[in-house]
Structures are given as C-alpha cells and as structure tokens.
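Encoded as structure tokens, the structure appears first; notes follow it.
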Amino acid sequence: MKAVFVDSDNQAESNRVNFSPAEGGSEDKEDLTRAVFGDSDSEDESNSVNFSPAEGDSEDKKVLEEVKGISGLWLCRNFLSPKQQDELLTAIEYEGWFKESSQNQAMRFGDLPEWALKLCGLVQHAICCYDVMCPICNRSTACPHEDQKNSPFPPELLWREPLFDQMIANSYQPGEGICAHVDLLQFEDGIAIVSLESSCIMHFTHQSAITKGAQCTQQPCDTIQNLLENKTDHNTDLASKIPVLLIPGDLILMSKEARYNWLHEINRKAGYQIWNGEEIPQSRRISITLRRLCQTK
C-alpha cells in the first residue's frame, strides 16, 4: 500500500474500500464492540494495531460533548488510551511517511491501512455506544432530557458504507500549524480528527466573521479554498474565535454547521497557544483526519 505525498493544491483519485458497518444500523452494541476490538483470544498480525481497550474501558464509557456555540462540533476527551496512542504512533512510524524532514503530510484514498480502518471502527463505536453530555444539565447519565440530546452524526452519516474512505496524516513541528479553512466540498459531511503527541488549541471562526486580506503563513494546509479566497486568521482577532483545547488522544467530530460554516485553524505561533493564562508547551504533534469523498453518480 502506498501513500500519496501531496502539496496543498494536489489531488488524488479515489479507490473505494468496502468497510462495512452493521447493515441498516441494526447491529447491537456487543456485536459492534466485537467487530471493532476483535475477540479476546485473537492474535494480531505483524504490524497490526490491536487497539484493545484499556483495563476498565468497557465499563467506564467515554463521553461525547457538543462544543458550546458551534452546532455540529463534538469533542471526545481521552478517545484513545495512552496504550492505544502508543500503538497508533508505532503504526504511523512503521509507514515511514515522516522519515524525511521535508515530508510532513501523507494522504491515503480508498485503500486505507488496517490500523486506519480500525480507527474508523472506533469512531463509529464511540458515536454509537458512548454517553452524550447533556447541554442542559451538564450530565451524561441519569439525565432527564434524553429526548433533547443531539447525536454527533445523524444515522445517514453514521451507517454509510464506508464510513470514511480518505485519510490524511499530518506531522507538525513546534511553531507549525494549519491555516483557517473549511475542508473542500469534494468531501462529504462528517469529519473526524484524532490528535496525538502534543496538546494544542484549535480555533474556530464563523465564516461571517472572516474578512479578505493577508496570505496564510501556517503550513501545511490540505485545502486551497481559504488561500484562493484569502480567508485567513490574520484578519480576525482572538475575541471572534472559539478555542478548543485538544490533548493527546482526543477526538473531534464535525458535521453540519461545524463542517460547512465554521473555519478551523491551529496557530502555534507565540501568543496563540495560551490556555488558562499559560502558554502550552509544544512538541511534535501528529493528527489523523478521516473523511469520505463525495460519491460520483
């Protein structure tokens, strides 16, 4: 399997892989858990990522919380355990994508690595089986507002086949980030981002707050829409942005409003990565973004 190394304005052809979630969404949680994690006595293949849940994970559910002020933006803290993060990083290192300093981005279309397919399954499992934080009472269990809770992905997204067929891996050194952008419309609704190694703040800005002006200096950037329209973070101040702190192992989900009408960015220059009055220490950061290409009729 070969990765596609790209510049921000390159494109690659899609070659779909048949990753099949439960038909019609009727598979129960136990079967879905088995499909994602495998049987307890199964053996991993060489260079296979087990993604086995950490001890106690099966009982201690993860919690999905919709970010206040941004409809369709969901955060799952500690989506991956430290053990799972180590396994994932080992698999990424084995791919050899970032051995050269000049290579900081790799894309895969259709033919996703086995570990990426397992990651897709974990995302689906999280949305299906984990608790959702209620925005009214700020509780995930024993909540009296069950009928008012939203879902990160509607059923038509969650049970599409495949859930994702495109992956982009980015490696960011300290000071490197990504410019404000909305992902290209060649991708369908429903995007997942897993953050690894270094904490960071991702800022979100509504399109209505963006003005035209200076060029973006944050690289790499996998979309060219913002560059063509000169929509950049230099023309909006921090007061107009909504910050989201990402720590290693966190998962971000974007759909609907968050996917189409909010620009997201990571500016790791001095003064932008401040949380609770303190600058966030920076090291290399790896991100894995999962998306699905629009299907041609």
By side-chain contact (heavy atoms from CB on, under 4.5 Å), T289 pairs with (sequence neighbours left out) I168, I191, I193, R291
The side-chain contact (heavy atoms from CB on, under 4.5 Å) partners of E278 (sequence neighbours excluded) come to none
Students should find that the hydrophobic cluster of I274, defined by side-chain heavy atoms under 4.5 Å apart, otherwise consists of none
Residue set satisfying salt bridge (charged side-chain N to carboxylate O under 4.0 Å, His left out) with E279, at least two apart, ordered chain then number -> none
side-chain contact (heavy atoms from CB on, under 4.5 Å) filter on Q282, not counting sequence neighbours, yields P174, R268, Q273
* To do: Look at the aromatic rings of H206 and W262 and report parallel, tilted or perpendicular, splitting at 30° and 60°.
  => perpendicular
*For the residue pair H264 and H181, confirm or rule out a side-chain donor-acceptor distance under 3.5 Å.*
yes
Those residues at least two apart in sequence (or on a different chain) that pass side-chain hydrogen bond (donor to acceptor under 3.5 Å, both in side chains) with E93 are R284
Here the salt bridge (Lys or Arg N to Asp or Glu O under 4.0 Å) pairs for residues 249-258, sequence neighbours left out, are R77-D250
Contacts of R259 meeting side-chain hydrogen bond (donor to acceptor under 3.5 Å, both in side chains) (sequence neighbours excluded), chain-then-number -> none
Tested for side chain to side chain contact (heavy atoms under 4.5 Å, CB included) against L75, the lone hit among V63, L64, L246 is L246
Across all chains, not counting sequence neighbours, the side-chain hydrogen bond (donor to acceptor under 3.5 Å, both in side chains) partners of S101 are none
Under a 4.0 Å N-O cut-off, is there an ion pair linking E156 with R160? no
